[in-house]
Amino acid sequence: MATQQGMPSSALRVLEEALGMGSTAAGDTAEAVAAEGAYYLEQVTITEASEDDYEYEEIPDDNYSIPEGEEDLAKAVQMVQEQATDIQILEQKTVLSSKHAVPEAVEDFLCNFLIQMGMTRTLDCFQSECKAREDLLKTQKERDFHRMHHKRTVQEKDKLINDLKGLKLHYASYEPTLRVLYEKHHALLKQKMLTSLERDRAVEQISGLQETLKHMEIGHSFHAPEIRVVPNCEKENAPEGPTQKGLREAREQSKCKTKMKVNRKDSEFPTDMQPNPNLCLCKENICPAKFDYKLNNIFRLHELPVSCIITHPRKDILISCGEDRVWKVVGLPKGNVILTGLGHTDWLSDCCFHPSGNKLATSSGDTTVKLWDLSKGSCILTFEGHTHAVWSCTWHSCGDFVASSSLDTTSKIWDVNSERCRCTLYGHTDSVNSIEFFPCSNILLTGSADKSLSAWDARTGKCEQSLYGHMHSINDATFTPRSHMIASCDACGVTKLWDFRKLLPIVSIDVGPSPGNEVNFDSSGQVLAQASGNGVIHLLDLKSGQIHKLMGHESEAHTVVFSHDGETLFSGDSDGTIRTWS
């Protein structure tokens, strides 16, 4: 403090003017400098080097192509030049111009002087300028580092562009390859189908030859005793033992059966089909659609889940099939059991009435299809040929053919008169879960676990059209009474309607995620019912598109069917009961 008080005022004015703090005249400053020989401060302005004018290259987002005609040699030369530039940048040292450099001793002297003089603001400005110079050097080094990183990023971008171009070319080669493989796949499927048909024909020929050989052997063994020379009196008077009598009766029965089989001929598919009688019924039925069904009664008929319910075409009875291996004829509306059918060795999957209503066809997990006479309640015919469980069966409208679908990915058409398989349908790649004849026609509709529907010509056994759209296994498919629309449901609860005339989808309704087990139309074709895996019966109004729900099942609903007048609804439960809604 003493030093500061003893210092001449002229020196203070010189320092203030040099630092920009004083306001004295230039003449006074010159006199003070000449008289006292005071210290000077030089104001230094640090300017950034011209290297900041570097222009950065922008990386466009949508540039995924490489200019044509670019040579590999030019790329290599460019890469070497860029690497050399990177090395120069790393070795480069950025320094300020020598004219702006201030020795450290001068800096220390100035700092001490300013502290002694109490000029704190000037000291802060001086120190901040020194620090700014250090920050400038640091920033320039960081700039050089980012320049190098930018160039490396550009190189990686070019490499990625090359890779993308190669991937595009590789991807473009996939489509023709897939097309060729698809054509080969179809050709192989067609060849497989033709081979299967030839195999079936060969098997039939072998069976015929074996039967002929058997008949010849039976004929020889039967006529052998007559060739033997025996006196007439001894032959007539010779006693016939029980063994000889049994052999004679067996030969006669075998001969009768052989003659019956030989006389049975294959049925002919009708060429001139009659018009669908359901069309007239639909026109006459002008009653509004019913949706306000309420649970009316519960019939406990089976010990295991109910798999199928069908109603008689003319009588007030229904038939239910269960997984307990039996089917039952139930009288309506009381629900009394009229007849019980036993004969299958495994669970029943489906049943179907003969067009006349006096016969029944049933399919089972024992790989067979059985025909039953309802007047006697006995099995009259068994079809064997599937290698796995049979899921569904259906009658032709003429009553001479039965079709069945199986887990073995095939469907078969059985001739009732000749008692043999007339045709095997190959084409599905997974289990065929449903099958149904188009009313009054020779067209079959199948729904498969391979997510497709197929329409077949029953006369030739060829697939005429396939419908795709489901994303999960198709559990059931059926026609409307008017036959122009198809409904199908899959394992994820999605129900689809198809226009059978145009073979196009109409609408898709998702009531999942519980599976849709069965779908059926009412007699008017205005209402579609779906039995769901969560126990809900969904009713779809085809005119308005509204969905109504029937709640009443305690567990999974497996099947649903309307009565002929549409006033009653029947549904089968997994607990072995049948519920009536009216």
### Query
Given the rule in the salt bridge (Lys or Arg N to Asp or Glu O under 4.0 Å) test, do Arg179 and Glu183 qualify, once you have shown the distances and angles that lead to the verdict?
CA-CA 6 Å; Arg179 191 183 301 111; Glu183 293 175 355; 5.7 Å; no

### Task
For side chain to side chain contact (heavy atoms under 4.5 Å, CB included), just list the numbers for Met485 and Leu497, CA-CA rounded to whole Å, side-chain angles, deciding distance to a tenth of an Å, and then say yes or no.
CA-CA 7 Å; Met485 191 183 299; Leu497 297 177; 4.2 Å; yes

### Task
List the steps and the verdict of side-chain hydrogen bond (donor to acceptor under 3.5 Å, both in side chains) for Ser307 and Ser349.
CA-CA 6 Å; Ser307 56; Ser349 57; over 6 Å; no

### Message
Working note: Phe500 + His484, criterion ring-ring contact (aromatic ring centres under 6.0 Å, His included); need CA distance, chi angles, decisive distance, verdict.
### Response
CA-CA 5 Å; Phe500 187 64; His484 68 279; over 10 Å; no

### Message
Determine whether His388 and Thr367 satisfy the following criterion, side-chain hydrogen bond (donor to acceptor under 3.5 Å, both in side chains), listing intermediate values before the conclusion.
### Response
CA-CA 5 Å; His388 291 85; Thr367 72; over 6 Å; no

### Message
Please evaluate residues Ser514 and Ser532 with respect to the criterion side chain to side chain contact (heavy atoms under 4.5 Å, CB included), reporting the C-alpha separation (whole Å), side-chain torsions for both, the decisive distance (0.1 Å), and the verdict.
### Response
CA-CA 6 Å; Ser514 299; Ser532 180; 3.6 Å; yes

### Message
Please determine whether side-chain hydrogen bond (donor to acceptor under 3.5 Å, both in side chains) holds for the pair Ser378 and Asp373, giving the CA-CA distance in whole Å, both sets of side-chain angles, and the decisive distance to 0.1 Å.
### Response
CA-CA 6 Å; Ser378 59; Asp373 187 349; 5.6 Å; no

### Query
Yes or no on side chain to side chain contact (heavy atoms under 4.5 Å, CB included) for Leu348 and Trp327, after CA distance, side-chain angles and deciding distance?
CA-CA 8 Å; Leu348 297 180; Trp327 54 268; 3.9 Å; yes

### Task
With side chain to side chain contact (heavy atoms under 4.5 Å, CB included) as the test, would you mind laying out the steps for Asn442 and His396 before giving the verdict?
CA-CA 8 Å; Asn442 297 319; His396 191 279; 2.8 Å; yes

### Message
Working note: Asp541 + Lys543, criterion salt bridge (Lys or Arg N to Asp or Glu O under 4.0 Å); need CA distance, chi angles, decisive distance, verdict.
### Response
CA-CA 6 Å; Asp541 186 354; Lys543 288 188 176 180; over 6 Å; no

### Query
Given the rule in the side-chain hydrogen bond (donor to acceptor under 3.5 Å, both in side chains) test, do Glu518 and Asn520 qualify, once you have shown the distances and angles that lead to the verdict?
CA-CA 7 Å; Glu518 187 175 277; Asn520 266 313; 3.2 Å; yes

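Taking the six-membered ring for Trp and the full ring otherwise, Phe562 and Phe521 have centroids separated by 6.0 Å or more. Remark: aromatic rings of Trp391 and Trp347 are close, center separation under 6.0 Å.
Checked options Leu318, Asn297, Thr559, Ile298; the residue passing with Ile578 is Leu318 (criterion: side chain to side chain contact (heavy atoms under 4.5 Å, CB included)). When each of Asp366, Thr362, Thr368 is tested with Ser364 by the rule side-chain hydrogen bond (donor to acceptor under 3.5 Å, both in side chains), just one qualifies, namely Asp366.
Using a 4.5 Å heavy-atom cutoff, the side chains of Leu371 and Val416 are in contact. Counting heavy atoms from C-beta outward, His312 and Ile317 have side chains that approach closer than 4.5 Å. Counting heavy atoms from C-beta on, the side chains of Leu540 and Thr495 never come closer than 4.5 Å. Side-chain contact between Gln191 and Leu188: present, with at least one pair of heavy atoms (C-beta onward) separated by less than 4.5 Å. Taking 4.5 Å as the limit, some side-chain heavy atom of Ser405 sits within range of a side-chain heavy atom of Ser411. Proximity of Val511 to Ile547: side-chain heavy atoms (C-beta onward) are separated by under 4.5 Å at one or more points.
Side chain of His354 to main chain of Ser356: a donor-acceptor pair is present (N/O by atom type, distance under 3.5 Å, no hydrogens or angles). At least one donor-acceptor pair closer than 3.5 Å links the side chain of Thr177 to the backbone N or O of Ser173. Remark: the backbone N or O of Val203 is paired with a side-chain donor or acceptor of Ser207 at under 3.5 angstrom. Checking side-chain atoms of Asn433 against main-chain N and O of Gly447 turns up no donor-acceptor pair under 3.5 Å.
Ring-plane geometry between Phe383 and Trp414 is classed as parallel, the angle between the planes falling under 30 degrees on a 0 to 90 degree scale with a further cut at 60. Using bins of under 30°, 30° to 60° and over 60° for the plane-to-plane angle, the ring pair Tyr171/Tyr174 lands in the perpendicular bin. The aromatic rings of Trp581 and His553 sit tilted relative to each other, their planes meeting at an angle between 30° and 60°.
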For residues 463-471, run the donor-acceptor check on the side chains, cut-off 3.5 Å, and write out each pair with its distance to 0.1 Å, sequence neighbours left out.
residue: Ser466; atom: OG; partner: Ser454; partner atom: OG; Å: 3.3
residue: His470; atom: ND1; partner: Asp490; partner atom: OD2; Å: 3.0
residue: His470; atom: NE2; partner: Ser488; partner atom: OG; Å: 2.7

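Nearest heavy atoms, Ala477 versus Glu436: O-OE1, 3.5 Å. Minimum heavy-atom separation, Cys379 to Trp372: N-CE3, 3.5 Å. A pairwise comparison of heavy atoms in Val330 and Ile338 identifies C-CD1, 4.3 Å as the closest pair. Scanning all heavy atoms of the two residues, the minimum distance from Leu360 to Trp395 falls at C-NE1, 4.2 Å. Taking each heavy atom of Pro313 and Gly357 in turn, the nearest pair found is CG-CA, 4.3 Å. What you find for Gly322 and His302 is that their closest heavy atoms are N-CE1, 3.6 Å.
The structure places CG of Leu503 at 10.0 Å from CH2 of Trp498, a figure rounded to the nearest 0.5 Å. One distance of note links CG of Asn475 with OG of Ser431; it measures 9.5 Å at 0.5 Å rounding. Atom CD1 of Ile486 and atom CG of Leu453 lie 6.5 Å apart (nearest 0.5 Å). With rounding to the nearest 0.5 angstrom, the OG atom of Ser571 is 13.0 Å from the CD atom of Gln530. Here CD1 of Ile413 is found 8.5 Å from OG1 of Thr424. Values are rounded to the nearest 0.5 Å. Rounded to the nearest 0.5 Å, atoms CZ (Arg579) and CG (Leu295) are 6.5 Å apart.
Between Arg420 and Asp415, none of the side-chain N atoms (NZ, or NE/NH1/NH2) sits under 4.0 Å from a carboxylate O, so this pair counts as no salt bridge.
Heavy atoms from other residues, nucleotides or ligands lying under 6.0 Å from CD of Glu303 number 12 at most. Heavy-atom neighbours of His472 NE2 from other residues, nucleotides or ligands within 6.0 Å: at or below the threshold of 12.
Screening residues 345-365 for salt bridge (charged side-chain N to carboxylate O under 4.0 Å, His left out), with sequence neighbours left out, gives no hits. Screening residues 437-457 for salt bridge (charged side-chain N to carboxylate O under 4.0 Å, His left out), with sequence neighbours left out, gives Asp457-Arg459.
If you check the side chains of Asp575 and Ser555, you find no donor sitting under 3.5 Å from an acceptor.
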